[in-house]
**Student:** 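Please see the structure below; I have some questions.
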Amino acid sequence: MKFSAASMALRAVRKHRGWPPMWRPAEPRRHYDVLIVGGGGHGLSTAYYLAANHGISNVAVLEKGWIGRGNTGRNTTIVRSNYLHGPSTRFYDHSLQLYETLAHELNINLMFSQRGVVNLAYGRQELRAMNRRVNALRHLGIESRMLSLAEIGERVPLLNLSREAARPIFGGFIQERGGICRHDAVAWGYARGADALGVDIIQGCEVTDFDLQGGQVIGVHTSLGHIGAEKVALAVAGHSNLLANRAGFELPLTCLTLQAMVTEPVSPMLDVVLDGPVYVSQSDRGEMVIGGGTDLFNSHAQRGMAATAEQTFAAIVDLFPSFAGLSWLRQWAGMVDYTPDHSPIMGMTPVSGLYISGGWGSYGFKAIPAGGVTMAQTIAQNCPHPLIKAFSLERFASGALIDEGASAAMDLESAIL
Ligand code: FAD
């Protein structure tokens, strides 16, 4: 039997009617054991592991908009663990390991693809720094290796390897286990999993202030009224400082606008993720997904300046001259919260019972599973999980910073501007 495209589309629409919602529409109760502020990947995974690993399910996730409206639904979906320092590498590799089994755990198609992440070096100094990074990674048992220019050319034939390029490439390194993963499926999978374990997912509920008693948090004020709680965790990315200030303390965070964009779909031509002055991968639909730089000023906008987009395109056309003929389909941006050392802030705060997972900047998507596991244990036991001890807020007082500027590609993002 033959079907026209229109009748097939109609059959598909009919077939997809009546699907149950992925989680219950929940109204806030008067009191919870734990409140999580922010329905992005970090808030949702923390709620899921509180219930799954610690049996704490009297938990609500309070999201001022809708699930995944923040950076979790806006990122370029790159997952990798090729950082420099021990605490970061161990943490991000634990996250990558969790990603490897996450689709099975959450029973959802995450389109997880370990196609390899290639970092490009734009000078001899950078090549030397990458060599050091590869040695540090291998020292911790994490496979990665340097790539010669010829090997890069074989892996990515359309790449401009000419010395006449605006920024000639000198070599690079690869982590074969790195790749991409569908971002909104991660958020939906954790939300559905948490809901199934009894967690309330409450959308359209903005936290505006805290209820404190003798230096201890006892609840929050929200757009839906007061909600009491034993413990509260903040996972609000670019809004972290606004809420920390309401609770009476400061965080060393800067909020910047980070852009991404996609082109029209083309035939398969890029089967790795490239991380350079801009980063690029090809989606299953064929679009080139491009991550650019940050705008030059602090902002809570989710749009991004045209000048930054233009510079990103100039950099991508320098890498791939054949992209000059591609149409640009969509552009968007997120509010990313950077710490001075480009590592996150995780754990306790100066307010008793108030926890934070923030400062995730442009690198927090890959960290969502490990962030959730470690924050859940930290909240359940009121003691930092060993994997995140080094990421405490106190490091900015003690000076024990974990400088991951180069591994977080921050030096490169600013280099295109
Ligand atoms: P979010 O997902 O932003 O969630 C925070 C939530 O808190 C939001 O939904 C917001 O509405 C809510 N909220 C805020 N204030 C309140 C309030 N008062 N009350 C209630 N709710 C509130 N990372 C990678 O690892 N790989 C990448 O390739 C990558 N690319 C990126 C590209 C772009 C363009 C951007 C913007 C980011 C990128 N990132 C990447 C970074 C990554 O997306 C973030 O670090 C990560 O998603 C942060 O997750 P989160 O849950 O902390 O925050």
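Note that the coordinates shown come from a computational prediction; the quantities given were computed from them, not determined experimentally. Computed from heavy atoms alone, side chains included, the values below leave out hydrogens, waters and symmetry copies. In listed order, ligands and their atoms are each counted from 1.
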**Student:** Got F365 and V79 here, is their nearest side-chain heavy-atom distance under 4.5 Å?
**Tutor:** yes
**Student:** Would you say R74 and ligand 1 have an N/O pair spaced under 3.5 Å apart?
**Tutor:** no
**Student:** Using a plain distance cutoff, I'd like to know if F365 has any nitrogen or oxygen under 3.5 Å from a nitrogen or oxygen of ligand 1.
**Tutor:** yes
**Student:** So which of E63, R69, H42 gets nearest to atom 12 (C) of ligand 1, if we judge by its closest heavy atom?
**Tutor:** E63
**Student:** With heavy atoms only and a cut-off of under 4.0 Å, state how W360 meets ligand 1: side chain, backbone, both or neither.
**Tutor:** both
**Student:** Just distances here: any N/O of G361 and N/O of ligand 1 closer than 3.5 Å?
**Tutor:** yes
**Student:** For W66 and ligand 1, does the shortest N/O to N/O distance drop below 3.5 Å?
**Tutor:** no
**Student:** Around atom CZ of R115, are there more than 12 heavy atoms from other residues, nucleotides or ligands closer than 6.0 Å?
**Tutor:** yes
**Student:** Can you find a pair of side-chain heavy atoms, one from V266 and one from M288, that are under 4.5 Å apart?
**Tutor:** yes
**Student:** Between E206 and ligand 1, which part of the residue brings a heavy atom under 4.0 Å of the ligand: side chain, backbone, both or neither?
**Tutor:** both
**Student:** Would you check whether S357 has a nitrogen or oxygen atom less than 3.5 angstrom from a nitrogen or oxygen atom of ligand 1?
**Tutor:** no
**Student:** Could you tell me whether G364 and ligand 1 have an N or O pair separated by under 3.5 Å?
**Tutor:** yes
**Student:** Residue-level breakdown please: for C205 versus ligand 1, do any non-hydrogen atoms fall below 4.0 Å on the side chain, on the backbone, on both, or on neither?
**Tutor:** backbone
**Student:** Are the side chains of H94 and L387 in contact, using a 4.5 Å heavy-atom criterion?
**Tutor:** yes
**Student:** Can you tell me the protein heavy atom closest to atom 33 (C) of ligand 1 and the distance?
**Tutor:** L258 CD2, 3.5 Å
**Student:** With respect to I201, which candidate in I36, L62, I67 satisfies the side-chain contact (heavy atoms from CB on, under 4.5 Å) definition?
**Tutor:** I67
**Student:** Heavy-atom pairs closer than 4.0 Å: do any link ligand 1 to the side chain of L62, the backbone, both, or neither?
**Tutor:** backbone
**Student:** Out of curiosity, is G291 lining ligand 1, as in a heavy atom under 4.0 Å away?
**Tutor:** no
**Student:** So, regarding V207 and ligand 1 (criterion: nitrogen or oxygen to nitrogen or oxygen, under 3.5 Å), is there a contact or not?
**Tutor:** yes
**Student:** Report yes if some heavy atom in the side chain of V59 is under 4.5 Å from a heavy atom in the side chain of D200; otherwise report no.
**Tutor:** no
**Student:** Starting from atom 26 (N) of ligand 1, what is the nearest protein heavy atom, named by residue and atom, and what distance separates them?
**Tutor:** I78 O, 3.0 Å
**Student:** Taking distance alone, with N or O pairs closer than 3.5 Å, would you say N71 contacts ligand 1?
**Tutor:** yes
**Student:** Do any nitrogen or oxygen atoms of S362 lie less than 3.5 angstrom from nitrogen or oxygen atoms of ligand 1?
**Tutor:** yes
**Student:** For ligand 1, indicate whether the residue Q259 contacts it via side chain, backbone, both or neither (heavy-atom separation under 4.0 Å).
**Tutor:** backbone
**Student:** Which heavy-atom pair separates L140 from G86 by the least distance, and what is that distance?
**Tutor:** CD1-CA, 3.9 Å
**Student:** Is there a side-chain contact between T374 and F91 in this structure, where contact means two heavy atoms from C-beta onward sitting under 4.5 Å apart?
**Tutor:** yes
**Student:** Would V37 count as a polar contact of ligand 1, with the cut-off being nitrogen or oxygen pairs under 3.5 Å?
**Tutor:** no
**Student:** Which part of T208 is near ligand 1, with near meaning a heavy atom under 4.0 Å away: side chain, backbone, both or neither?
**Tutor:** neither
**Student:** Hey, is E394 close enough to K389 for a salt bridge, meaning N to O under 4.0 Å?
**Tutor:** no
